[in-house]
Protein chains: 2
Amino acid sequence: MNDNQADEALLALAQSFREALRQSVYVMRRLDSEEQLSSAQLGVLKMALDGAARVGGIARNLGVKVPSATEQIIKLERAGLVKREADPDDSRAVRVAATAAGRAAVENADRRRNEFIAGILGTLSEAERHAVEAALPVFDKINHSVQY
Amino acid sequence: MNDNQADEALLALAQSFREALRQSVYVMRRLDSEEQLSSAQLGVLKMALDGAARVGGIARNLGVKVPSATEQIIKLERAGLVKREADPDDSRAVRVAATAAGRAAVENADRRRNEFIAGILGTLSEAERHAVEAALPVFDKINHSVQY
DNA sequence: TCCTAACAGTTAGGTTACCTAAATATCAAG
DNA sequence: CTTGATATTTAGGTAACCTAACTGTTAGGA
């Protein structure tokens with residue numbers, strides 16, 4: 001295979017990959033639509049589980065801007081799932097910590113969503129499941145290589 | 001492996017899969033943010049390429065409700081990328097057809113986005129690329145099995 | 001010491017892409 | 001020729017993001 005053919009193949013793979021990405025957005029929406037907690041909120045809430053998350057760190061980890069994180073945090077706070085407290089080391093900063101209710105909400109949401117997906121994965125053949133399993137770390141690598 | 005262990009494994013795979021989904025949404029946003037044409041608009045525009053798309057069909061194919069499709073179509077029409085014309089066979093219906101500019105815009109957008117993704121895929125090892133290639137049809141199957 | 005630049009977060013205001021419900025127009029079956 | 005179903009648009013609303021501007025805090029010189 002010469003360089004040109006290699007490029008063609010790569011572009012074709014990229015096209016299929018993009019199609020998968022597009023559908024993923026759709027699947028995420030479906031997954032969200034059944035639930036109380038949105039993905040955005042679940043993401044923030046998970047960051048707050050260890051109790052030491054700062055707003056900026058949460059935003060960076062989720063790939064959103066700080067005001068977007070603040071917005072979700074405020075919603076979670078109103079729902080009683082996190083609390084905000086002053087950072088003892090830096091009074092500019094705010095520490096976000098999940099409450100007991102928040103912790104329970106994460107477990108619940110994760111369980112329900114995982115069961116939904118597991119139900120689908122369960123219909124796959126052994127070989128298909130292996131293919132997914134083998135690709136996930138690569139997807140992870142690809143996703144992480146898309147910089148802000 | 002007994003059933004219980006199988007379930008555990010499936011749930012763990014589901015968790016990783018969900019993480020990949022979450023990141024995909026993020027990648028899609030990045031991909032969109034550089035471009036004139038949003039994914040939503042590009043999706044609609046592609047449906048209009050064969051010139052025979054009806055609003056309801058476009059919506060169904062994209063997994064959105066009809067008013068959402070109408071909204072995107074109106075934007076594309078204002079941008080001169082599609083035109084709306086009465087369906088000769090059913091005057092309730094509207095046929096959406098890409099204009100020459102629309103056709104060019106799709107080619108351009110696809111090329112740019114594919115090149116971006118291909119650039120990333122090009123950094124993978126042979127084995128990693130094969131893993132992605134093998135998994136994409138399975139992802140497709142999974143994505144399609146998530147019903148409205 | 002005190003000034004100032006950098007930093008952490010919030011507030012204000014705007015955009016995009018969805019949604020549901022209601023309105024309009026047409027079709028088709030009895 | 002009426003009536004229920006179908007195709008689309010309009011109206012109004014929501015969630016999650018963004019940038020710019022503002023407030024308060026820190027820290028590193030002069």
Side-chain angles (χ1 to χ4, degrees), chain A residues 22 24-45 47-48 52-79 82-97 148, chain B residues 22 24-45 47-48 52-79 82-97 148:
Chain A
R22 198 188 73 71
S24 297
V25 173
Y26 174 78
V27 172
M28 270 306 250
R29 249 195 312 260
R30 272 281 113 61
L31 214 49
D32 265 21
S33 70
E34 319 276 333
E35 301 288 332
Q36 285 81 29
L37 219 49
S38 70
S39 299
Q41 281 169 38
L42 183 54
V44 170
L45 188 46
M47 304 280 169
R54 288 168 42 149
V55 178
I58 290 175
R60 213 169 313 109
N61 276 307
L62 292 177
V64 299
K65 299 298 176 192
V66 172
S68 305
T70 296
E71 185 176 333
Q72 299 307 328
I73 290 164
I74 289 172
K75 283 183 193 171
L76 289 169
E77 191 176 40
R78 277 205 279 262
V82 301
K83 53 188 188 312
R84 283 193 284 187
E85 40 203 29
D87 185 324
D89 302 337
D90 183 345
S91 344
R92 290 172 302 179
V94 168
R95 296 215 168 264
V96 181
Y148 155 61
Chain B
R22 198 186 73 70
S24 296
V25 173
Y26 174 78
V27 171
M28 269 307 250
R29 251 198 307 263
R30 271 283 113 61
L31 214 49
D32 264 22
S33 71
E34 318 277 333
E35 300 289 332
Q36 285 82 28
L37 220 50
S38 70
S39 298
Q41 281 168 37
L42 183 54
V44 170
L45 188 46
M47 304 280 169
R54 287 167 44 149
V55 177
I58 290 174
R60 213 169 314 112
N61 276 308
L62 292 177
V64 299
K65 299 298 176 192
V66 173
S68 305
T70 296
E71 186 177 333
Q72 298 308 327
I73 290 164
I74 288 172
K75 283 184 192 170
L76 290 169
E77 191 176 39
R78 278 205 278 261
V82 302
K83 52 187 189 311
R84 283 194 284 189
E85 39 203 29
D87 185 323
D89 302 338
D90 181 346
S91 348
R92 292 171 302 177
V94 168
R95 297 215 168 262
V96 181
Y148 156 61

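First the proteins, then the strands, lettered A, B, ... as listed; each starts at 1.
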Does B/Ser24 reach the side chain of A/Met28, with side-chain heavy atoms less than 4.5 Å apart? no

Measure from [atom1] on [X] to [atom2] on [N] and round the result to the nearest Å.
X       : N      : atom1 : atom2 : value
B/Ile58 : D/dT9  : CD1   : C1'   : 14 Å
A/Asp32 : D/dA15 : CG    : C1'   : 10 Å
A/Arg54 : D/dT25 : CZ    : P     : 14 Å
B/Arg30 : D/dA16 : CZ    : P     : 18 Å
A/Arg29 : D/dT14 : CZ    : P     : 19 Å
A/Met28 : C/dA17 : CE    : C1'   : 16 Å

Heavy atoms within less than 4.0 Å of DNA chain D: which residues of residues 82-92 of chain B have one? Give them sorted by number. B/Arg84, B/Arg92

Base, sugar-phosphate, or nothing: which does [X] touch, judged by heavy atoms less than 4.0 Å apart?
X       : result
B/Glu71 : base
B/Val94 : sugar-phosphate
B/Val66 : base

Heavy atoms within less than 4.0 Å of DNA chain C: which residues of residues 33-43 of chain A have one? Give them sorted by number. none

Please table the atom pairs, donor to acceptor, closer than 3.5 Å between any side-chain atom in residues 67-78 of chain B and protein atoms at least two apart or in another chain.
{"unit_1": "B/Thr70", "atom_1": "OG1", "unit_2": "B/Val66", "atom_2": "O", "d": "3.3"}
{"unit_1": "B/Glu77", "atom_1": "OE1", "unit_2": "B/Arg84", "atom_2": "NE", "d": "3.2"}
{"unit_1": "B/Glu77", "atom_1": "OE1", "unit_2": "B/Arg84", "atom_2": "NH2", "d": "3.0"}

List for me each residue that meets side chain to side chain contact (heavy atoms under 4.5 Å, CB included) alongside A/Ala79, sequence neighbours excluded, and say none if there are none. A/Leu81

Using residues 54-64 of chain B as the side-chain source, report each donor-acceptor pair under 3.5 Å to any protein atom, sequence neighbours left out, with the distance given to one decimal.
{"unit_1": "B/Asn61", "atom_1": "ND2", "unit_2": "B/Gly57", "atom_2": "O", "d": "3.0"}

Could you list the residues that satisfy salt bridge (charged side-chain N to carboxylate O under 4.0 Å, His left out) with B/Arg29, not counting sequence neighbours? none

